[in-house]
Structure formats: C-alpha cells, structure tokens
Amino acid sequence: MALWRLPNILIVHLKRFELRQPQQYVIGMRRGNDDKLDTYVECPLEGLDMGRYCASSSAYRRGENEDTGAGGDNGSGNGQKQQHGPDFDITDIPAVYDLFAVTNHYGRMGFGHYTAVARRWNEHEMEEDWTQFDDTGVSRTTGGGGVVSPAAYILFYRRRVFS
C-alpha cells in the first residue's frame with residue numbers, strides 16, 4: 001500500500017481500546033468487557049519520515065520501498081508502472097514531520113480524563129518548550145521528555161516543508 005499524497009498536518013489516532021467479549025445493550029447503555037490498551041508506542045518527536053510510504057516520492061518511483069514491495073507497481077503485482085493523471089502529486093517535497101501535540105486519555109472506555117501537551121509553531125520554526133494542558137491548569141515544560149506516554153491517544157504532526 002502507498003499513499004498518493006501526504007497532508008501538511010498528519011493526525012495519528014492510536015487504537016487504545018480492545019473488545020474482549022460481545023457487547024450487550026441494556027436500556028440504552030452498552031455493557032461489555034472492553035480493555036484499555038496502555039502499551040507504550042514509540043513515536044519520534046522530530047524527523048518522522050513518511051516519504052517511503054508515498055507513491056509520489058522519487059524513492060518510491062525508483063522501487064526503493066522495501067516495506068510494501070510495490071515499488072512503483074500499479075498494485076496488480078505485474079510490474080506495470082502507474083499511470084498518473086493530472087491531479088497526481090509528483091513533487092519531491094520532503095515528507096518529514098515533527099510532533100507538535102499529543103492528546104492523552106486516562107481511564108477506561110466510556111469515561112476517563114483527557115490531557116494534552118503541545119508546542120507552538122509557525123511556518124518557519126517550532127518551539128522547543130512544551131505546554132501541558134489539564135483541567136486544573138496549564139504549565140510549561142522544557143525538553144521533550146514525557147511528551148509521549150502510554151496514555152498517548154492522538155498524535156499531531158506538522159510537515160516541516162508545507163506543500
């Protein structure tokens with residue numbers, strides 16, 4: 001599988017809930033054995049390179065995408081090159097992303113507590129300091145330690161060079 005275009009803002013939603021037994025509905029409420037997954041997912045704060053997954057990158061067109069095995073193939077597995085229409089994005093803008101925000105979820109399915117950490121950015125740069133948002137207040141933190149935790153639920157990445 002390959003992506004045809006990558007957005008300037010990439011949002012990654014981590015699956016954090018797992019259904020263990022069939023759901024039952026009792027008077028409009030869902031009952032079931034759902035588990036919260038608190039597995040730590042390693043996510044880079046800077047330099048997430050999505051270029052190798054994008055069919056519009058020159059590396060993909062040259063067949064250097066080893067993970068998918070597609071290498072410019074049209075998906076049929078017969079080695080035919082893709083035919084690109086006028087709307088196909090064939091730019092070589094780097095598909096490198098930096099993390100700028102994380103939404104965290106604490107609790108179980110159906111209820112819990114959300115927090116967030118984020119840092120400011122504009123079209124030229126991104127701040128190094130992070131701000132933590134919680135119901136009880138807002139606080140600044142320095143460095144990236146602890147930004148991504150086992151409670152990370154949604155990751156927000158910004159493309160370094162906007163297309």
Side-chain angles (χ1 to χ4, degrees), residues 1-23 30-60 63-73 75 89 91-163:
M1 178 172 83
L3 304 170
W4 286 85
R5 292 184 189 189
L6 291 170
N8 290 327
I9 304 298
L10 179 67
I11 301 172
V12 179
H13 180 255
L14 301 175
K15 180 181 180 239
R16 288 294 189 188
F17 300 101
E18 182 177 49
L19 180 64
R20 296 277 184 175
Q21 100 187 75
Q23 300 175 7
R30 191 175 85 164
R31 298 180 71 178
N33 189 7
D34 297 332
D35 288 336
K36 170 84 182 286
L37 304 174
D38 288 324
T39 306
Y40 178 77
V41 177
E42 189 171 329
C43 306
L45 297 182
E46 297 179 345
L48 173 64
D49 188 358
M50 296 294 292
R52 67 184 194 174
Y53 303 107
C54 189
S56 65
S57 74
S58 59
Y60 185 89
E64 296 174 5
N65 186 339
E66 297 175 10
D67 289 348
T68 64
D73 183 35
D89 186 14
T91 61
D92 280 321
I93 296 172
V96 178
Y97 291 82
D98 298 320
L99 188 70
F100 72 89
V102 178
T103 300
N104 299 298
H105 178 267
Y106 301 93
R108 297 190 335 220
M109 187 168 180
F111 66 94
H113 180 70
Y114 290 92
T115 64
V117 289
R119 59 181 168 170
R120 288 189 211 188
W121 58 271
N122 61 33
E123 62 273 5
H124 304 293
E125 64 185 354
M126 191 170 317
E127 287 186 2
E128 292 294 320
D129 293 342
W130 292 81
T131 304
Q132 185 163 0
F133 301 90
D134 199 340
D135 289 346
T136 58
V138 176
S139 59
R140 301 277 287 190
T141 60
T142 56
V147 169
V148 179
S149 73
Y153 189 53
I154 303 173
L155 308 170
F156 298 86
Y157 282 93
R158 173 200 181 273
R159 196 173 194 165
R160 283 188 185 167
V161 179
F162 276 29
S163 59

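Because the structure is a prediction, the values reported are computed rather than measured.
- Listed by chain and number, the residues in a side-chain contact (heavy atoms from CB on, under 4.5 Å) with A118 are A101, F133 (sequence neighbours excluded).
- The minimum heavy-atom distance linking Y97 with N8 is given by the pair CE2-O, 3.8 Å.
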Inset, instruction - Run the numbers on L45 and V147 for side-chain contact (heavy atoms from CB on, under 4.5 Å), then give the verdict. - result: CA-CA 8 Å; L45 297 182; V147 169; 4.1 Å; yes
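- In this structure, E42 and V148 have side chains that are not in contact, with every pair of non-hydrogen atoms separated by 4.5 Å or more.
- Under the ring pair (Phe, Tyr, Trp, His ring centres under 6.0 Å) criterion, H124 pairs with no residue, sequence neighbours left out.
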Legend entry - Check against side-chain contact (heavy atoms from CB on, under 4.5 Å), R160 and M126: CA-CA 9 Å; R160 283 188 185 167; M126 191 170 317; over 6 Å; no
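- Listed by chain and number, the residues in a side-chain contact (heavy atoms from CB on, under 4.5 Å) with I11 are I9, I154, F156 (sequence neighbours excluded).
- Rounding to the nearest 0.5 Å places CG of L155 at 6.0 Å from CG of L99.
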Inset, instruction - Output, in order, the C-alpha distance, side-chain angles, deciding distance and verdict of side-chain contact (heavy atoms from CB on, under 4.5 Å) for R119 and W121. - result: CA-CA 7 Å; R119 59 181 168 170; W121 58 271; 5.7 Å; no
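- Remark: V41 engages L14, R16, C43 in a side-chain contact (heavy atoms from CB on, under 4.5 Å) (not counting sequence neighbours).
- Evaluation of the side chain to side chain donor-acceptor pair (under 3.5 Å) rule for D49 yields no partner, not counting sequence neighbours.
- Side-chain N or O atoms of R158 include one that pairs as donor or acceptor with a backbone N or O of N122 at under 3.5 Å.
- Atoms CZ and CH2, from R120 and W130 in turn, are 14.0 Å apart once rounded to the nearest 0.5 Å.
- Within the 3.5 Å criterion, the main-chain N or O of G47 finds a donor-acceptor partner in the side chain of D98.
- To the nearest 0.5 Å, the span separating CG on N104 from OH on Y106 amounts to 4.0 Å.
- With sequence neighbours left out, the side chain to side chain donor-acceptor pair (under 3.5 Å) criterion links T131 to R140.
- Ring planes of Y153 and H105: tilted class, angle from 30 to 60°.
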